[in-house]
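See below for the structure under consideration.
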Amino acid sequence: MPVRRSLLAAALGATALLGATAAQAAAAPGARAAVAPGEYITVDPTGRIAADGTVTLSGTYRCTGATGPAFIGSSISQGTVRQQGIGGSGARCDGAEHRWQNSGKPYGQTLRPGAAHVQATVVELRRSGIILVPVFHAQTDRDITLVQS
């Protein structure tokens, strides 16, 4: 299990560090945006905030051809709250559409019900020699509404 956690941490770190350099799809907010043809990720229009501040985001994705472990990374920003990572989950890149859901508490920040902005990414860690290189399968940005759950 520790190896799996380290792979997830590496994937989320790679997503956070390299997300700004990933290709940006020219799609309407919330539309299916892809980096690779036929692959996409969507974000549901509503996210949830629990009483303890945990945020849950969700959507759908489709990816194919991963040869290494693949993950869904998501982040949220709201008003003066800068982009915060919200959880991470494994992805199956088998060509079928799947649901994803990530939950987490923003570090040192408080989000409130209302408008927010989410970025979601499908990233694979592909072996290149002795290192793992992040390969982006799909990425999207969407304005959503956070609701109290």
Side-chain angles (χ1 to χ4, degrees), residues 4-66 68-126 132-149:
R4 190 166 189 190
R5 285 190 185 137
S6 8
L7 286 174
L8 179 58
L12 295 176
T15 300
L17 291 173
L18 299 175
T21 61
Q24 295 293 321
R32 293 179 173 183
V35 174
E39 300 183 316
Y40 59 84
I41 186 165
T42 68
V43 176
D44 292 339
T46 302
R48 297 184 313 275
I49 304 175
D52 69 353
T54 299
V55 174
T56 301
L57 304 171
S58 58
T60 60
Y61 72 93
R62 179 183 183 274
C63 58
T64 60
F71 303 92
I72 306 292
S74 58
S75 61
I76 191 167
S77 59
Q78 183 183 56
T80 60
V81 175
R82 295 188 311 191
Q83 193 166 336
Q84 295 280 319
I86 300 297
S89 54
R92 285 186 289 159
C93 292
D94 59 6
E97 182 175 278
H98 299 282
R99 296 274 316 150
W100 66 270
Q101 179 176 301
N102 290 345
S103 296
K105 280 181 149 179
Y107 178 75
Q109 302 285 327
T110 302
L111 297 173
R112 303 199 186 307
H117 184 79
V118 172
Q119 183 179 69
T121 306
V122 180
V123 65
E124 170 193 357
L125 293 179
R126 188 172 291 168
L132 295 173
V133 177
V135 175
F136 292 89
H137 285 263
Q139 180 178 16
T140 195
D141 289 88
R142 179 168 193 172
D143 292 328
I144 67 161
T145 302
L146 287 175
V147 297
Q148 196 73 43
S149 60

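Numbers here simply count residues along the sequence, with the first being 1. Predicted model, so just to flag it, every value in this text is computed and none were measured.
- Defined by atom type and a distance below 3.5 Å, a donor-acceptor pair is missing between the side-chain atoms of S89 and Q101.
- Residues forming a side chain to side chain donor-acceptor pair (under 3.5 Å) with Q83 (at least two apart in sequence, or on another chain): S75, Q119.
- The main-chain N or O of R112 is found under 3.5 Å from a side-chain atom of Q78 such that the two form a donor-acceptor pair.
- Put simply, the side chain of R62 gets close to the backbone of G95: a donor and an acceptor are under 3.5 Å apart.
- R126 contributes atom CZ, which lies 11.5 Å from atom CG of L132 (distance to the nearest 0.5 angstrom).
- At least one side-chain heavy atom of N102 sits less than 4.5 Å from a side-chain heavy atom of I72.
- For E124 (side chain) and G68 (main-chain N/O), a donor-acceptor pair under 3.5 Å exists by modelled atom type.
- Contact check for W100 versus D44: no side-chain heavy atoms found under the 4.5 Å cut-off.
- Distance check: K105 NZ to T110 OG1 gives 9.5 Å after rounding to the nearest 0.5 Å.
- Taking CD of E97 as the reference point, atom CD1 of I41 lies at 11.0 Å (rounded to 0.5 Å).
- The structure places CD1 of I144 at 5.5 Å from CG of L57, a figure rounded to the nearest 0.5 Å.
- The side-chain heavy atoms of V122 and E39, taken from C-beta on, include no pair separated by under 4.5 Å.
- With S74 contributing its side chain and I86 its backbone, the two residues share a donor-acceptor pair below 3.5 Å.
- Looking at T60, its side chain never comes within 3.5 Å of a backbone N or O of R99 through a donor-acceptor pair.
- Taking both residues in full, the closest heavy atoms of C63 and R92 are given as SG-O, 3.8 Å, listed atom of the first, atom of the second, then distance.
- Looking only at distances, no side-chain donor or acceptor of Y61 sits under 3.5 Å from a matching main-chain atom of T121.
- The nearest pair of heavy atoms linking C93 to A70 is SG-CB, 3.8 Å.
- Of the possible donor and acceptor atoms, one in the side chain of R142 sits under 3.5 Å from a partner among the backbone N and O of V43.
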